[in-house]
Amino acid sequence: MSENTPAPLSWPFREAERIAERLKQKGKDHALFETGYGPSGLPHIGTFGEVARTSWVRKAFTDLTGLPSRLLAFSDDMDGLRKVPDNVPNKAMLKEYLGRPLTKIPDPFEKFESFGAHNNNRLQEFLRTFGFEFEFASASDYYTSGRFDDALLHVLRHHEEIVNIILPTLGTERRATYSPILPIHPRTGVVMQVPIEQVDVDNGSVVWTDPADGTKYETAVTGGAAKLQWKADWAMRWYALDVDYEMSGKDLIDSVKLSSSICRALGKEPPVTLTYELFLDEKGQKISKSKGNGLSIDEWLTYAPKESLSQFMYHAPQRAKKLFFDVIPRATDDYIAAATALPTAEKPHDNPAWHIHGGVLPEHAGSPIGFGMLLNLASVINADSPEMLWGFIRAYIPGADAESYPFLARLVHHAIAYNRDFVAPAKKFRAPTKVERAGLTDLAKSLAADEQAQYPGETPAEKLQNLVYAVGKRHPFAPLKSWFDCLYQVLLGTTEGPRFGGFIALYGVERTVALIETALARG
RNA sequence: GAGCCUGUAGCUCAGUGGUAGAGCAUCCGACUUUUAAUCGGACGGCCGUGGGUUCGACCCCCACCGGGCUCACCA
C-alpha cells in the first residue's frame, strides 16, 4: 500500500491494525493466528466461517505490515468424550470409552487409529477443500510430547490464583470440586474431574483420590499425564504459544474474559480477540450441530457457488444473521456485484471480493446476469436442464455459452437446483375451465398435426408462437391475455411465464403435448 | 442476574461526520402476438425516543423504550 492510500475501513484491516499494534508493543516480528475446534468437532458451516474470517484478517495483516504469520488450527482432541454422538456407528463400543481422551478411543468408523484422529482428518480434509492455508495442531500431541510442560508447571505455580479467578463463576456444588487440572486416571485412562487435594510445585504433580475406590494418586501435570480444564486450557495455550489473534462466537464471551484473566495471571497479555455473532435458523434460534437446524455447507454449495458463502461470512461478522435457504440468492448477487466492481474500485481493500479472492480476482469472475434474475427465469420456464436456460440467455447475450461465461455456467447449474427444491414445489396448478379445456385440446391437436410444417425463413419458435396465438383466437378468450394466463396457470403452475412459442421450441413439441394431456387429465 | 446484537420506505436490508439509498412490492407510461430476463417515471422516510459533542449526526457519546439472542452445567 502506498503512503497516500487512505487506510481501508473494512473490518479485516481494522483487525489487522489491532494486531499490528499488539506486536509493536510486544516487540514481536511475526504473528500467530489460532482457530480452535471442540471434540464433537465434525466440520460445519461455522467452522468454515471462523477459518475464512481468520484467514481474511491474516491476509489483511500481511498486506498491512508485510510481516510473516502462521495460522494454527488447534484440535482439542485430548478432551474426554462426554457423550456418544448420534451420527456415528459403533455406539455401544463408544459407550465403553466415555470420559477418555478422543485420541485414546478407537475410531467408530474403523478407518483411523482413534476417534480423535478420525475427526482431525475430517477437519483437515475439509479445510484443504476450501484452499485455506493452515498448520494443524493436535492437543494430544502437544501435551504428550512435553511441548506444554513448561507452561503446565507455570500453571501449577499459579494454581491458587487460577482457582480464585474461576470459583466465583461456578455454582456452589462445582466450587467444592473445581480445579483447572484434570488428571488422567492411570488405570482407566479417564479424564478425571476430581478435587485436587495437594499441589506439589517442586515435583510438578498433584494429589487426588479416585472417588470410585478411594485410592489416592499422585499424578504429574506434565507429559500428557494430566490436561487442563477448558478455560484454563485455552489460557495456557495462549500463554505457551504466544497466540496473537483468535476469534470466537459470542456464546464464548465469558470464556474469553476468564481465559484472558488467567492468561494475565500467568504473566502474558492475552491475544487480540474478536467476538462474532451467532448464526440463526429461520426461526431466529441458534444454529446447533446436534439439532441440525439451519443450513449445512453441502446444502449451500448445492444451491450457489462457494464465493457466495464467503460473501455471506464476510459481511458484518458482528451481526447476527439468519442462515437459511432464502439468504442464498442475495449473498450470491452481493458477491457478483462486488466482483464486478472490484477492477475499478477506488478502495479495493474495502471490497468483499478482494478478501474472498485473496487480493487477486480470478478471470471470468462475476456475471452479466444476476442470480435472482436467473432464478426467476428458471422458475418461469420450469428449467430442468442447463440448455433450457442457455436458450433464453443466448436470446439476451448472443453466442453466450459455458465456455465464454464459466461463472454464469455455475450459476445456471445452481439456479436449476434452487428452483427444483424451493421454487417449483411451491407452484400451484389450477384446473382448466370449460373454454380453456377446449382451447388446450385444440392446441395439443394442432401442435401434433403441425409438427412437420415449416414456412421458409421462419424460426420454429416464431412458428409455434403463431400457432399458439391462432388457437387462442379460435376460442372465446377475451381478452386474449386470459388464454396465455391459462397456459401458465394450468400448464406451468405459475402466474406468468415466457413467450410460449419459445418455450415450446425449447421444451419440445411432443413434451408440450404430453404436458397438455397431463393437465387435462388432472382437471 | 451478566453480556451481546438490533431498531432506516409497505417488506428485506445497504449506508462509519457533509443533500437519506437499493432490491422487491404498489401505481403510471412505453412496447402490443399474452408475458418480462426490457426501458422510463411515480409513490413512499421526525433514520425508535430524549439529551449531548460538532459548523454539521442515520453515523460518535449518555439515558430510555421496543425487538431478539447468548451465557450463567460442559466444552
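So you know, we letter chains A, B, ... as the sequences are listed, proteins then strands, and number each from 1.
Nucleotides B:C39 and B:G48 are separated by 33 Å at their P atoms, to the nearest Å. For the P atoms, the distance from B:G56 to B:C13 is 34 Å, rounded to whole Å. Here, B:G45 and B:A37 have their P atoms 29 Å apart, quoted to the whole Å. Taking atom C1' on both B:A42 and B:G10, the two are 16 Å apart, rounded to the nearest angstrom. B:U8 and B:C58: their P atoms are spaced 15 Å apart (whole Å). Comparing B:U54 with B:C59, their C1' atoms are spaced 13 Å from each other, to the whole Å. With C1' as the reference atom, B:A57 and B:G68 are 27 Å apart, rounded to whole Å. Rounded to a whole angstrom, the distance from the P atom of B:U6 to that of B:A75 is 31 Å.
A residue-by-residue look at A:Ala316 and A:Tyr469 shows that A:Ala316 has its nearest nucleotide of RNA chain B further toward the 5' end. Map A:Arg82 and A:Trp11 each onto its nearest nucleotide of RNA chain B; the residue landing nearer the 5' end is A:Trp11.
What separates OH of A:Tyr405 from P of B:A37 is a distance of 20 Å, to the nearest Å. Rounded to an integer number of Å, the gap from CG of A:Leu323 to C1' of B:G68 is 17 Å. With rounding to whole Å, A:Tyr178 atom OH is found 14 Å from B:C73 atom C1'. Rounded to whole angstrom, the span from the OH atom of A:Tyr276 across to the C1' atom of B:C69 amounts to 15 Å. Distance A:Arg237 CZ to B:A75 C1': 11 Å, rounded to the nearest Å. When rounded to the nearest whole Å, the span between CZ of A:Phe13 and P of B:U16 equals 17 Å. Regarding A:Phe371, its CZ atom lies at a distance of 16 Å from the P atom of B:A37, rounded to whole Å. As rounded to whole Å, 18 Å separates atom P of B:U34 from atom CD of A:Glu436.
In this structure A:Glu96 satisfies the salt bridge (Lys or Arg N to Asp or Glu O under 4.0 Å) test with no other residue, sequence neighbours excluded. Taking A:His414 as the reference, nothing meets the ring pair (Phe, Tyr, Trp, His ring centres under 6.0 Å) condition, with sequence neighbours excluded. Taking A:Thr433 as the reference, A:Glu436 meet the side-chain hydrogen bond (donor to acceptor under 3.5 Å, both in side chains) condition, with sequence neighbours excluded. Evaluation of the side chain to side chain contact (heavy atoms under 4.5 Å, CB included) rule for A:Asn120 yields A:Ser75, A:Asp77, A:Gln124, A:Phe136, A:Ser138 as partners, not counting sequence neighbours. For A:Ala341, the side chain to side chain contact (heavy atoms under 4.5 Å, CB included) partners two or more places apart in sequence, or in a different chain, are A:Asn351. Applying the side-chain hydrogen bond (donor to acceptor under 3.5 Å, both in side chains) rule to A:Tyr143 yields the partners A:Asp233; only residues at least two apart in sequence or on another chain are considered.
Salt bridge status for A:Glu34 with A:Arg237: present, with a side-chain N to carboxylate O gap under 4.0 Å.
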Practice prompt. Would you sketch RNA chain B in dot-bracket for me? Only Watson-Crick or G-U wobble pairs with both distances under 3.5 Å count, crossing pairs as [ ], other-strand pairs as |, the rest as dots.
Written response: ((((((((.[[[[.)..(..]]]].(((((.......))))).....[[[[[..)....]]]]])))))))....
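Residue-level contact check: A:Leu252 touches the bases, meaning some heavy atom is under 4.0 Å from a base atom.
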Worksheet item: Quick one: what's the B/S/- string for nucleotides 1-12 of chain B, heavy-atom cutoff under 4.0 Å, read 5' to 3'?
Response: --BBSSS----B
Discussion item. Under the criterion side chain to side chain contact (heavy atoms under 4.5 Å, CB included), I'd like the reasoning laid out for A:His475 against A:Asp442: C-alpha separation, chi angles, the key distance, then a yes or no.
Written reply: CA-CA 9 Å; A:His475 296 264; A:Asp442 189 358; 2.8 Å; yes
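Each salt bridge (charged side-chain N to carboxylate O under 4.0 Å, His left out) pair with one or both residues in residues 405-420 of chain A, not counting sequence neighbours, appears once here: A:Glu307-A:Arg410.
The main-chain N or O of A:Val88 is found under 3.5 Å from a side-chain atom of A:Lys91 such that the two form a donor-acceptor pair.
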